[in-house]
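What's counted below: heavy atoms across the whole structure, side chains too, no hydrogens, waters or symmetry copies.
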Amino acid sequence: AIRVRVGECTGDDCPCVPGQACSQKSNAFYMPSDSEFGTPAIRVAEGDGINLKDLHFDAGVVGHELGHHVVVATVTDYAGRGEPLSLHEGLSDFFVMMQQDSPCMGRGICPGGGRTCYTNACLRTADNDLTYGSSEYLAAAAHQKGQLISGMLWDLKEGGIATSDLVRLVLGAIDLLPSAASFGDFGVAMLVADANLFDGTFRNQIEQASLARGLDRSSRTLSIADPLVIAENVAPTTNVWGCTAAVGPASGRGIDLFMLVLLGLPAVVRGSRRATRRPSRLCTDKFHKV
């Protein structure tokens, strides 16, 4: 069970002054464990009307926080506010964008003149050309950097991958991520998920979208002893995006996604995330440890 706690502020004490900007009013967050209830929880404030408004009326706000509940099944080491946190934010945005069939997230919570929203109309948007290492990327905060991931995934949707297939790919990739996953880890995991679930049908599209966004420049934190085996919680590293590794039994691990049904995600999300992993073409000479 996930408790959703809605109030004027995200904190129990609310030092906000009416009519003034206040971060405790313009925020929502997910907690893997709420000590008061002993369960995961989402806290949603109402907005200060200056930077954000009406957060407690926008389903996308809760949907984004539920996305964190999905990603935290594997990516747990995100407190350092580096790429793991930005990956969390981008993937959590992705679920809302797929459910709403729109690259614009938070359309109803952006007051004119506020400083929090990425555009005048969107809290964040996948309709962007953000690339890894660019000046705009380096100057961005974690949530905005996550738009690189949601943007790459929206590129795949625009490129013709059906929403239901894309959601399956992303869930399959999340299953493979390490606790401190980088953007590069996610790119490789997408290739592996494609090999596992679709026999490499979308490999070229994933490679092209990853390279266009610069994911090949992101450091990959994993090393593997045997490129032919993917252990639970481990995705392969490779210095060539055209090579993938996948063999072995399904991990049998998944998480309960019943809450996402409330957001109207495609029916495929409601099923098991277990997949039979199939062998894929390998370039074993091009694998290395990093």
Worksheet entry | side chain to side chain contact (heavy atoms under 4.5 Å, CB included) assessment of Leu177 paired with Phe186 | CA-CA 7 Å; Leu177 292 175; Phe186 177 69; 4.3 Å; yes
Worksheet item: With a 2.5 Å cut-off on the SG atoms, do Cys16 and Cys22 make it?
Response: yes
Worksheet entry | Test: Cys122-Cys110 SG spacing under 2.5 Å |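 Answer is no, sulfur atoms not closer than 2.5 Å.
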Is there a side-chain contact between [X] and [Y], using heavy atoms and a 4.5 Å cut-off?
| X | Y | answer |
| --- | --- | --- |
| Val72 | Tyr30 | yes |
| Trp154 | Asp93 | no |
| His68 | Glu89 | yes |
| Gln20 | Asp48 | no |
| Val70 | Ile174 | yes |
| Phe202 | Asp165 | yes |
| Lys25 | Thr10 | no |
| Arg5 | Glu36 | yes |

Item to complete: Verify side-chain hydrogen bond (donor to acceptor under 3.5 Å, both in side chains) between Asn128 and Thr125, making sure each step is shown before the conclusion.
Response: CA-CA 7 Å; Asn128 67 72; Thr125 178; 5.6 Å; no
When hydrophobic residues are tied together by side-chain contacts of less than 4.5 Å, even through go-betweens, does [X] share a cluster with [Y]?
| X | Y | answer |
| --- | --- | --- |
| Ile50 | Tyr118 | no |
| Leu55 | Met31 | no |
| Leu138 | Ile149 | yes |

Look up atom [atom1] in [X] and atom [atom2] in [Y], then write down how far apart they are to the nearest 0.5 Å.
| X | Y | atom1 | atom2 | answer |
| --- | --- | --- | --- | --- |
| Leu85 | His143 | CG | NE2 | 7.0 Å |
| Leu52 | Asn27 | CG | CG | 8.5 Å |
| Ile206 | Asp155 | CD1 | CG | 12.5 Å |
| Gln205 | Glu158 | CD | CD | 12.5 Å |
| Asn51 | Cys117 | CG | SG | 8.0 Å |
| Thr74 | Asp185 | OG1 | CG | 10.5 Å |

Fill in: Candidate list Val6, Asp12, Val4, test side chain to side chain contact (heavy atoms under 4.5 Å, CB included), partner Arg43, passing option
Asp12
Worksheet entry | Ile42: which of Val61, Ile2, Asp34 passes side chain to side chain contact (heavy atoms under 4.5 Å, CB included) | Ile2
Where do [X] and [Y] come nearest, in terms of heavy atoms and distance?
| X | Y | value |
| --- | --- | --- |
| Gly63 | Val96 | C-CG2, 3.5 Å |
| His88 | Tyr78 | NE2-CD2, 3.5 Å |
| Lys157 | Met98 | CD-CE, 3.6 Å |
| Ala193 | Gly172 | CB-C, 3.8 Å |
| Thr116 | Gln144 | O-NE2, 4.2 Å |
| Pro40 | His69 | CG-CE1, 4.0 Å |

Discussion item. Taking CG in Asp54 as the centre, count heavy atoms belonging to other residues, nucleotides or ligands within less than 6.0 Å. Is the count above 12?
Written reply: yes
Using a 3.5 Å distance criterion without hydrogens, assess whether the side chain of [X] forms a donor-acceptor pair with backbone atoms of [Y].
| X | Y | value |
| --- | --- | --- |
| Ser86 | Glu83 | no |
| Asp194 | Arg203 | yes |
| Thr131 | Arg213 | no |

Fill in: Working for side-chain hydrogen bond (donor to acceptor under 3.5 Å, both in side chains), residues Glu65 and Ser92
CA-CA 7 Å; Glu65 304 309 332; Ser92 297; over 6 Å; no
Item to complete: Report the C-alpha distance between Arg124 and Ser150 in whole Å, list the side-chain angles of each, state the deciding distance to 0.1 Å, and finish with yes or no for side chain to side chain contact (heavy atoms under 4.5 Å, CB included).
Response: CA-CA 10 Å; Arg124 289 183 292 278; Ser150 62; over 6 Å; no
Worksheet item: Regarding Arg217 and the six-membered ring of Tyr132, is the cationic atom NZ or CZ under 6.0 Å from the ring centre and inside 45° of its axis?
Response: no
Worksheet entry | side chain to side chain contact (heavy atoms under 4.5 Å, CB included) assessment of Ser182 paired with Ser219 | CA-CA 7 Å; Ser182 67; Ser219 298; 5.7 Å; no
Discussion item. Assess the residue pair Val71 and Leu87 against the criterion (side chain to side chain contact (heavy atoms under 4.5 Å, CB included)); give the C-alpha distance rounded to whole Å, side-chain angles, the decisive distance to 0.1 Å, and a yes or no.
Written reply: CA-CA 9 Å; Val71 182; Leu87 182 60; 5.7 Å; no
